[in-house]
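Notes to accompany the following structure.
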Amino acid sequence: MGEGSISWVDGAVVTIDQRALPHEVRTLRLTTVDQVIDAIATLAVRGAPAIGVCAAFGVALAAREHGGDTARVEAEAVRIEAARPTAVNLSWGVRRALVQLPGGPEAVLAEARAMLDEDGRVNRAAAGHAADLVQRLCPARPLRILTHCNTGRLATTAFGTAIGALRVLHARGAVDSVLVDETRPLLQGARLTTWELAEAGITHRLTVDSAAAWAMATGQVDCVIVGADRITADGAVANKIGTYGLALAARHHGIPFIVVAPESSRDIATATGAEIIVEQRGADEITTIGDYVAAPAGTEVFNPAFDVTPPELVTAVVTENGLIEDASPAPSSPESRGGGEHPEVAAAADRTAETVLGADIAAVAAELYARGWMPGTAGNISARDGAAAVITGSGLSKGQLSPADMVRVRIDDAEVVTGARRPSAETTIHTAIYRSTDAGAVVHVHSPHATAATCHGATTLRFGGFELIKGLAGGETVDVPVFANHREVAQIGTDVARYLDANPTAPPVLCIAGHGITAWGTDLAQARDRAECLEALCELASLTGRHDITTRIFEEQAQ
Ligand code: MRU
């Protein structure tokens, strides 16, 4: 059936029977409303976008069958809409087709065909945006991505949403491997996602759903990407049962949790996730596995097909319009949304911003590590985020950080707010700088020339005569303080704070004896530039032998 999974051929909806996979690629021809309803209810056709388009063709079949009997077609539409309650795409597909009913059966069919045409384009756009975001959030290495259920060309009509993002990342050479949840009880992951990933040549491993949290705990997951069946106005996400648990585990481990879905999966008419109807399915889906009876006869079950992940656990929802907090869904104006941005939407934007900040820190760290300025696990980087700072975790190689390796600490007292790692041992120096200056970012590197220059007991490095001084200060000379390297890091923080409070015009750089450079600026790039500038001055002083000024300071200290 090529790359699409649904088509309209000679008066029939032609699709792949997803119940038969992976054993058999069986074609299904649906020519009546009852067949459409049965295919959707039994998951022969499944996945929110796929059932939306299939439902629209169901309305087209009803319109062809009942001609001008509008009431009859509408009654059939209601039956189709009731086939599964959770995915909003089902009623979206039905409603969109029904709007064309006054134009006659051919108009309804044309609308269903238009939806089919759109779906692949929409999925490609959403997948591209999601891949861009994932690469911004996790820039450091080929990605280990975990996914749940099936969100590929089977679940849509072409390309896929979350799996679409995997396709894009794979095409960019950015995927190491995909961890596929088997997705109990109907095994959409084991039966369908593995089949699609094999077809696409994407390296993957299948695992039981209950291994996902452990995979995260053992550092095997950089990012979780899933689809959605309904996204409410507050940003809550209904998706295959097990998604909520993944989001909880991802949050605990500081791993980005990305939802990729078309705008047609958004339901802004429903205010919160609490209002979503979660489909409950039959006991036999749990008590039997194929022909195998897995539980005593008559065992009661709890078999919700979906769960609802609250917005605070979702890093970002990405649609064909980009991140939903950036997109302009109808109604688009703040007024039409009820007077200003919804606080939950703003909170979602904050969470995304925090993860993006972590990714930016990781990118600068990787660059400075590659230069040899953060040897071993040395150095640390932070950025201000309101009353908190996001800082690199302690004891980690700076060449391979991801947002999950960052810790959020309070600027007031350096206490940890969130994060699975221990914060850098030098956090108190960073927070002292944030308290005493308006710095937006702080970079601490063990670059060789500055480290060497501070090993002679000087308390100040004075530079004069180099044009580069302009990168740090306005005058002819610049005095860079060298702080004693106390074993108690908090003591260094106290010294730094006292010095900065007493010297409001001090240059935005300092050294700690034998301990490299600490530089700050409005953002990470400026803090890095200033560290570069000071390191270059130390190197030039050493190369040119112009130690006249610095030596005098050294000698003064020695007396
Ligand atoms: O019961 P299913 O298999 O239809 O559930 C499907 C899912 O939960 C998918 O993740 C969702 O529909 C998105 S498909 C692009």
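What's counted below: heavy atoms across the whole structure, side chains too, no hydrogens, waters or symmetry copies. Numbering of ligands and ligand atoms starts at 1, following listing order.
Using a 4.0 Å cut-off between heavy atoms, Ala48 contacts ligand 1 through both its backbone and its side chain.
Nearest protein heavy-atom neighbour of atom 14 (S) of ligand 1: Ala155 CB, 3.6 Å. Of all protein heavy atoms, the one lying nearest to atom 3 (O) of ligand 1 is Arg46 NE, 2.4 Å. Considering only non-hydrogen protein atoms, atom 15 (C) of ligand 1 sits nearest to Thr161 OG1, 3.2 Å. Ranking the protein heavy atoms by distance from atom 5 (O) of ligand 1 puts Lys240 CE, 3.2 Å first. Here the protein heavy atom with the shortest distance to atom 4 (O) of ligand 1 is Arg84 NH1, 2.8 Å.
Ligand-side atoms of ligand 1 in range of Gln188: 1 (O), 2 (P), 3 (O), range being under 4.0 angstrom from any heavy atom. Close approach of ligand 1 to Asn239 is summarised as follows: ligand atoms under 4.0 Å from at least one heavy atom of the residue are 7 (C), 8 (O), 9 (C), 10 (O), 11 (C). Interface of Phe306 with ligand 1, defined as ligand atoms under 4.0 Å from a residue heavy atom, comprises 1 (O), 5 (O), 8 (O).
Residue Ala228 holds the heavy atom nearest to atom 13 (C) of ligand 1 of all those in Pro262, Gly47, Ala228. In this structure, of Ile241, Asp229, Leu192, the residue bringing a heavy atom nearest to atom 11 (C) of ligand 1 is Asp229.
Paired with Asn150 under the rule side-chain hydrogen bond (donor to acceptor under 3.5 Å, both in side chains), one option of Thr193, Thr194, Thr156 passes, and it is Thr193.
Between Arg230 and Ser265 there is no side-chain heavy-atom pair separated by less than 4.5 Å. Here the side chains of Arg281 and Arg84 are in contact, with some heavy-atom distance below 4.5 Å.
With sequence neighbours excluded, no residue satisfies side chain to side chain contact (heavy atoms under 4.5 Å, CB included) with Val78.
Under the 4.0 Å criterion applied to side-chain N and carboxylate O atoms, Asp209 and Arg184 are not assigned as salt-bridge partners.
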Problem set entry | Full working for side-chain hydrogen bond (donor to acceptor under 3.5 Å, both in side chains) between Thr319 and Arg266 | CA-CA 9 Å; Thr319 74; Arg266 294 185 66 201; 5.7 Å; no
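Looking at Asp405, its side chain never comes within 3.5 Å of a backbone N or O of Arg421 through a donor-acceptor pair.
Residue contacts with ligand 1 include Pro49, since one of its heavy atoms falls under 4.0 Å from the ligand.
Once rounded to the nearest 0.5 Å, the distance linking CD of Gln280 with CZ of Phe302 reads 5.5 Å.
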